[in-house]
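Only heavy atoms go into these numbers, but all of them, side chains included; no hydrogens, no water, no symmetry mates. Just so it is clear: chains get the letters A, B, ... in the order the sequence lines come, proteins before strands, and each one is counted from 1. These numbers were taken from a predicted model, which means no experiment stands behind them.
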Amino acid sequence: MRQVWLPVKELLSGKHEGELVSLRGWIYRTRSSGKIAFTVIRDSTGIIQVTIVKNEVEELESFESARKALMESSVKVTGILKKDDRAPGGFEILASIFNVVDYADIYPITKDQSEVLLRDNRHLWLRSRRMTSILKIRSTVTGAIHDFFRGRGYHEFTPPIFQPNQAEGGSSLFEVKYFDKKTYLSQTWQLYAEAAIFSLEKIYDVSPTFRAEKSRTSRHICEFWMAEMEAAWMDLAEVTEIAKEELKFILARVMERNTEDLKILQRDVTKLMPSLEKPFPTITYTKALEILKDEHGMEVEWGKDLRTLEENKLMESFDTPVVVIFSCMLLSYISVF
RNA sequence: GCCGUUGUAGCUCAGCUGGUGGAGCGUGGGACUGUUAAUCCCAAGGCCGCAGGUUCAAAUCCUGUCAACGGCGCCA
C-alpha cells in the first residue's frame, strides 16, 4: 500500500482521529523527559505535537533520534492520531516510527533575537510562522490583484525591466551596464503602459520596481513589487473608484483565505471591518488640509505633500482608506494598514 | 548627504568614580513518563569592533577609523 503523507492542517481537522497517520515536516520545538519526548513538527500548513514514548516505538532508535534532533531537522513520522487537550492544536501523534531524514545544525535563531540577526538569517527566518503567514498573505494579495483586473476585462501587460529612460520625476535610477551601453532598472511601467492602452485599452501589471533612494523609512525600499493599471478613455473619478474596489476586493480575499495567518500575526481584524462594509470617501486636498487643521491642529502650507506624519493624523478621522485628490492629479492613496 | 546612538560568549544583554571578564538563553553531558521556547545539576565557550594614545594598570578615559541601527533630508 502506498504511504499517504498528510499535511498538518488535515491532521488538526480531526478527520483522522484514531487512525495510523504519516507526516513529513521539520522540527519546530523539542522537549524531552527520561522516557518521553515531545517534538512539535511544522509544515507549510501548521504545527502539530508528536509524542514519542520510549516503550511504545517500534525501534529504540526512534526515541533516541527524537531526543537528539535539533530544531529544523527534517523528519518523517508515523503514529496514531489522538485527541489530547494538552497538545497545542488539540491533537497529537503518538509515534511508532520517528525517522530523522537529516539532522540540522544548530539553529541560529533563538528566543532572543534582533532585526539584524533575522535579516542576516533571512533564509532561515522564512521558516518562522510569522514569515510563513506574511508570505501567504502576500501571495493572496498578488493573486487577488490578477483576479480583480482580469475579472473586469483587463489584460496583463508586462513592461521591460531594463529601461533606457526615466519616467517618474525625482526618484533616482539604478544604473546598469548593458553590454557597452547604459540602461536603468524600471521605476514604473508608465511610458510603456501609455503606449499599450491604444492597443489593449485596459491593462494592468504586477512587477518589480527599483528606486535608488537612500531613504530609510518603513515606506521606502530600493526594490518592491508594484501593481499598476492604465486604461483608455478613463477619467479621474473612474480610476479612483477602481482603486477603491480593488482594495476592497483584495481585503475581502485576505479575510476569507488568511484568517489563520491574521491570527498568527495577531492583527486586530475588527479594524478592517469598516473597510469591508463601507464605501471609501474621496476628498480634495484642500479638504484634507482643513481636516488636519480643524480636527488635529496641524497647519500645512497649501501645495506641500502630505508626509507620513500628516497622513497618520488624517487617518484618525476615518475608519476606512480615503482618497485625496488634487485638481486633476491623484496625489496620495492612504491605507489603514 | 547631515545629526545621534551602539559595537562585550553562538544569541539577548549587564559590567558603577580605571584595579583578575558576568548572567540568561542556546550548545554538549547527566536526571526526569505530559512537556507547552519546561525544570534541576555539570561543562565548554571571549583579540570587550579595529588602530593608536593617556596610565603603574584600560572593556571602562581620549583620538582616529570601520560597521550597524535610529532620526532628518530626498522620495513613493
If you look only at distance, which donor and acceptor atoms sit under 3.5 Å apart when one is on a side chain in residues 4-24 of chain A and the other is two or more places apart or in another chain?
from    : atom 1 : to      : atom 2 : distance (Å)
A:Glu10 : OE2    : A:His16 : NE2    : 2.9
A:Ser13 : OG     : A:Glu10 : O      : 2.6
A:Ser13 : OG     : A:Lys15 : N      : 3.4
A:His16 : ND1    : A:Glu19 : OE1    : 3.0
A:Ser22 : OG     : A:Gln3  : NE2    : 2.8
A:Ser22 : OG     : A:Thr78 : OG1    : 2.8

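Other residues, nucleotides and ligands place more than 12 heavy atoms under 6.0 Å from the CD atom of A:Glu290. For CD of A:Glu277, the number of neighbouring non-hydrogen atoms (other residues, nucleotides, ligands) closer than 6.0 Å is greater than 12. With a 6.0 Å radius and a threshold of 12 heavy atoms from other residues, nucleotides or ligands, A:Arg152 has its CZ atom above the threshold. Under a cut-off of 6.0 angstrom, the local environment of CZ in A:Arg138 is sparse, with at most 12 non-hydrogen atoms contributed by other residues, nucleotides or ligands. Atom OH of A:Tyr103 has more than 12 heavy atoms from other residues, nucleotides or ligands within 6.0 Å.
We find the CE-CG distance between A:Met131 and A:Leu126 to be 5.0 Å, quoted to the nearest 0.5 Å. Atoms CZ and CG, on A:Phe91 and A:Leu81 in that order, are 6.0 Å from each other to the nearest 0.5 Å.
One can place CG of A:Leu173 at 19 Å from P of B:C74, the figure rounded to the nearest angstrom. One atom, CG of A:Leu117, and another, P of B:C25, lie 18 Å apart when rounded to the nearest Å. Between A:Lys68 atom NZ and B:G28 atom P the separation is 11 Å, expressed in whole Å. For the pair A:Asn121 CG and B:U12 P, the interatomic distance rounds to 10 Å; values are reported in whole Å. Remark: P of B:G34 and CD of A:Glu56 are 13 Å apart, rounded to the nearest angstrom. Between the C1' atom of B:G29 and the CD atom of A:Glu64 lies a distance of 14 Å, rounded to the nearest Å. A:Lys54 places its NZ atom 17 Å from the C1' atom of B:U35, with the value rounded to the nearest Å. Atom pair A:Arg127:CZ and B:A37:P shows a separation of 20 Å (rounding to whole Å applied).
When each of A:Asp261, A:Ile264, A:Leu265 is tested with A:Arg129 by the rule side-chain contact (heavy atoms from CB on, under 4.5 Å), just one qualifies, namely A:Ile264. Considering A:Asp147, A:Asn258, A:Thr140 as possible partners of A:Arg253, the one that fulfils the side-chain hydrogen bond (donor to acceptor under 3.5 Å, both in side chains) test is A:Asp147.
The aromatic rings of A:Trp189 and A:Phe157 sit tilted, their planes meeting at an angle between 30° and 60°.
Separation of the C1' atoms belonging to B:C16 and B:A59 is 13 Å when rounded to the nearest angstrom. A gap of 44 Å separates the C1' atoms of B:G1 and B:A37, to the nearest Å. If you take atom P in B:A51 and the same atom in B:C66, they sit 15 Å apart, rounded to whole Å. B:A57 and B:C61 have their C1' atoms separated by 13 Å, given to the nearest Å. Remark: the separation of the C1' atoms in B:G46 and B:G10 is 12 Å, to the nearest Å. Between B:G21 and B:A14, the distance separating the two C1' atoms is 12 Å to the nearest Å. Taking atom P on both B:U54 and B:G70, the two are 38 Å apart, rounded to the nearest angstrom. B:C25 and B:G18 have their P atoms separated by 33 Å, given to the nearest Å.
Using N1 to N3 plus N6-O4 or O6-N4 for Watson-Crick, or N1-O2 and O6-N3 for G-U wobble, each under 3.5 Å, B:A57 pairs with nothing. Applying the Watson-Crick and G-U wobble criteria (two distances, each under 3.5 Å), B:U35 pairs with nothing in any strand. Nucleotide B:G70: paired with B:C3 (Watson-Crick or G-U wobble, both distances less than 3.5 Å). Across every strand in view, B:C16 sits unpaired, with no contact that passes the Watson-Crick or G-U test at under 3.5 angstrom. Judged by Watson-Crick or G-U wobble contacts below 3.5 Å, the nucleotide B:A51 has B:U63 as its partner. Using Watson-Crick or G-U wobble geometry with both donor-acceptor distances under 3.5 Å, B:G28 finds its partner in B:C42.
Residues from residues 129-139 of chain A lying near RNA chain B, meaning a heavy-atom separation below 4.0 Å, are absent. Of the residues in residues 81-94 of chain A, those lying under 4.0 Å from RNA chain B by heavy-atom distance are A:Asp84, A:Arg86, A:Ala87, A:Pro88, A:Glu92. Heavy-atom distances under 4.0 Å link RNA chain B to A:Thr110, A:Lys111, A:Asp112, A:Gln113, A:Ser114, A:Val116 of residues 108-116 of chain A, given in residue order.
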- Item | Check against ring pair (Phe, Tyr, Trp, His ring centres under 6.0 Å), A:His155 and A:Tyr204 | CA-CA 6 Å; A:His155 302 282; A:Tyr204 80 97; 9.2 Å; no
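When each of A:Arg119 and A:Val53 is assigned the nucleotide of RNA chain B bearing its nearest heavy atom, the one mapping closer to the 5' terminus is A:Val53.
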Just the table, please: protein N/O against nucleotides 38-42 of chain B N/O, every pair under 3.5 Å.
from  : atom 1 : to      : atom 2 : distance (Å)
B:A38 : N6     : A:Ser32 : O      : 2.7

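Between the side chain of A:Ser62 and the backbone N or O of A:Phe98, at least one donor-acceptor pair lies under 3.5 Å.
Within 4.0 Å (heavy atoms only), A:Phe224 reaches at least one base atom of the nucleic acid.
Remark: A:Phe224 pairs with no residue by the ring-ring contact (aromatic ring centres under 6.0 Å, His included) rule, at least two apart or across chains.
When side chains are defined from C-beta on, A:Val323 does not count as touching A:Ile283, because their heavy atoms never get closer than 4.5 Å.
If you look at A:Phe148 and A:Phe249, their ring centroids are closer than 6.0 Å.
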